[in-house]
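Take a look at the structure set out below.
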Amino acid sequence: MLQPERNGMAATPLMQGIEALLFVADAPLSAEELAALWERAYGTRPEAGEIEQAIAALNDVYEKTGRVFRIYRWGGGFRLATMASVSPLLQCYKQQEVKLSQTLLETLAIIAYRQPITKPEIDHIRGVNSDYAIRRLQELELIEIKGRSDTVGRPLLYGTTRRFLEHFGLNSLDDLPELPELQQLLENPEIQREHLRLLYPLEPEQDEPSE
Amino acid sequence: MYRVRLPVFEGPLDLLLYFIRRDELDIYDIPVARIADEFLAYVRLMEELDLDGVGDFLYLAAVLLHIKAQMLLPRPPAPADNEAEPADPRQELVERLLNYLRYKDAAGRLDAQVEARQQLYTRGAAAGAGDEVAEQGPPPLAPVPLFELLDALRRVLERRVEPPAHTVRREIYSVEAQMDYVQAQLQDGRARPFGELVAGRPRGFVIATFLAVLELARQGRIWIRLLDGREDFLVEACEATAMEEADVAA
């Protein structure tokens with residue numbers, strides 16, 4: 001069991017190896033992938049627990065020495081990234097990111113919460129043909145085909161990708177913000193006033209229309 | 001014909017929600033008879049403008065008309081053995097609307113999530129590697145929802161008095177020509193109400209000018225601002241400085 005020396009901030013070889021890999025990696029690396037790479041290089045395979053510990057120790061060192069890096073857990077893997085505190089500076093360096101349009105966000109939300117889901121089901125929820133949105137989301141590698149439904153015509157089933165998780169800073173689908181229930185929409189004070197107006201029945205009694 | 005392609009266009013459920021919000025309707029008690037007619041009037045206007053995706057709107061218009069018909073029909077007295085029979089024909093539509101609202105809300109939460117995530121930079125992203133998620137395509141139409149603009153256009157068209165037809169010659173207006181016209185009108189830097197730009201002109205002129213205004217707004221060359229009461233909207237030239245031209249839809 002590794003025990004990083006907290007006082008002198010001395011790093012173990014495993015910590016250095018993981019730091020180096022996460023520094024050069026373009027996508028999150030899972031504990032499994034880190035262990036396999038280590039094994040290929042050095043012939044011994046670190047336990048998953050050792051890797052977790054090394055990463056915790058690295059984050060500890062970053063924090064204690066005032067570094068701006070942190071290792072985050074996104075999309076089932078680890079990713080080295082900067083902290084939010086330096087984002088204004090980095091934003092100036094990097095070109096402005098274009099946001100996903102409302103159409104794409106809506107479609108993506110439906111797929112994320114209802115996956116695996118077919119296009120007709122998405123169309124039904126949105127009341128609109130989602131061809132364009134689905135194609136764009138596939139191009140952006142945020143969604144992918146997960147198989148075919150057993151219903152008539154065997155339509156394709158769509159689901160989100162690992163890249164989706166990383167893009168939204170989630171480790172797994174369990175981390176998705178909870179899909180609001182109607183009651184929650186009503187109770188949440190942060191919901192916009194129009195929403196409240198929309199959702200709050202003016203006359204609580206359900207009288208049937210008599211025209 | 002000039003076709004307006006709007007990849008960020010809102011759908012028919014959004015139009016319904018727009019009516020509900022605008023008129024402060026109770027979502028559980030939608031006056032379908034009125035809304036169906038107005039919905040159809042919007043769809044006709046959209047057809048006239050040759051907007052993309054009108055088919056989806058037509059479908060919902062048909063649903064609304066169907067519900068309207070059901071509600072107008074006399075209801076047979078419910079048989080005693082079938083207690084749960086008199087369901088409100090609007091129920092399914094309301095459920096769809098509410099369900100759609102849930103996902104709209106979820107989309108907002110995802111948007112907040114991605115904003116927080118994007119504060120944390122990875123090496124590849126900061127180096128400008130090509131794998132960043134970025135959406136191509138034209139910038140959002142205008143800081144004003146399209147439905148509100150359509151609303152304003154409809155009022156302008158309703159207000160307008162058709163000039164006496166002295167001639168049967170059919171006027172053809174091109175959007176390109178109207179773009180020049182609008183820009184010429186705005187040259188002095190003053191904001192003008194849309195109604196003023198098309199006052200006393202034939203319907204074809206108004207429609208082509210509206211499309212020209214949409215296109216100019218999309219290209220970032222003019223601003224659109226709604227007036228209070230939404231009777232009309234203001235158009236104003238953007239400052240000519242640093243205005244990079246967005247790609248024009250084919």
Side-chain angles (χ1 to χ4, degrees), chain A residues 23-24 26 70 72 74 79-84 86-87 90 93-95 97-106 108-110 112-113 124-129 132 136 140-142 163 166-170 176-177 179-182 185 191 194-195 197-199 201-203 206 208-209 211, chain B residues 7-14 16-17 20-21 24 26-29 33 53 55-56 59-60 71-72 75 86 88 90 96 98-129 131-137 140:
Chain A
F23 172 69
V24 299
D26 292 325
R70 292 291 183 273
Y72 299 92
W74 292 329
R79 190 99 212 247
L80 185 67
T82 58
M83 291 170 62
V86 289
S87 72
L90 296 177
Y93 171 69
K94 187 178 168 277
Q95 66 219 40
E97 193 123 7
V98 186
K99 289 178 65 171
L100 293 180
S101 70
Q102 191 58 35
T103 301
L104 292 195
L105 266 177
E106 261 174 44
L108 188 56
I110 292 167
Y113 285 96
H124 181 74
I125 294 174
R126 297 186 60 224
V128 97
N129 184 318
Y132 159 79
R136 275 302 289 153
L140 295 168
E141 293 173 34
L142 294 172
R163 186 174 166 72
E166 198 212 339
H167 184 69
F168 284 87
L170 307 167
L176 272 177
L179 182 63
E181 292 302 321
L182 285 177
L185 281 179
I191 295 282
E194 305 96 87
H195 263 195
R197 201 192 288 154
L198 269 177
L199 290 165
L202 299 173
E203 292 146 340
Q206 281 287 90
E208 70 234 47
E211 280 160 62
Chain B
V8 292
F9 196 25
E10 295 151 299
L13 292 176
D14 292 296
L16 213 47
L17 289 173
I20 291 170
R21 184 172 307 151
E24 301 190 19
D26 176 1
I27 199 165
Y28 292 104
D29 190 17
D56 296 317
Y59 175 76
L60 191 60
M71 291 178 72
L72 291 176
R75 287 158 172 276
D88 191 323
R90 297 172 298 183
R96 272 189 75 179
L98 292 174
N99 194 39
Y100 179 57
L101 272 179
R102 288 173 69 205
Y103 288 102
K104 273 180 94 74
D105 190 82
R109 291 177 195 211
L110 278 182
D111 201 23
Q113 184 86 27
V114 83
E115 232 157 73
R117 161 65 181 87
Q118 278 171 355
Q119 303 292 304
L120 317 176
Y121 287 81
T122 54
R123 208 172 56 89
D131 68 340
E132 259 312 283
V133 172
E135 198 189 344
Q136 298 161 348

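Quick caveat: nothing in here was measured; it's all calculated off a predicted structure.
- Heavy-atom minimum distance, A:Ile125 versus B:Leu13: O-CD1, 3.3 Å.
- For A:Leu80, the part lying under 4.5 angstrom from a heavy atom of chain B is the backbone only.
- Contact between A:Thr82 and B:Gln119 at its shortest, heavy atoms only, is OG1-O, 4.4 Å.
- Across B:Pro12 and A:Val128, no two heavy atoms sit closer than the pair CD-CG2, 3.6 Å.
- Taking the ring pair (Phe, Tyr, Trp, His ring centres under 6.0 Å) definition, one finds that A:Tyr72 meets it with A:Trp74, sequence neighbours left out.
- In this structure, no portion of B:Leu60 lies under 4.5 Å from any heavy atom of chain A.
- For chain B, the nearby parts of A:Glu166 are the backbone and the side chain; heavy atoms of each come within less than 4.5 Å.
- Shortest non-hydrogen contact noted between A:Met83 and B:Leu120 is C-CD2, 3.8 Å.
- In A:Tyr113, the OH atom is crowded: over 12 heavy atoms of neighbouring residues, nucleotides or ligands sit closer than 6.0 Å.
- Counting heavy-atom pairs closer than 4.5 Å to chain B, the top residue among A:Leu105, A:Val24, A:Val86 is A:Leu105.
- Residues satisfying the ring pair (Phe, Tyr, Trp, His ring centres under 6.0 Å) criterion with B:Tyr103, sequence neighbours excluded, are absent altogether.
- Between B:Val114 and A:His167 the shortest side-chain heavy-atom distance falls below 4.5 Å.
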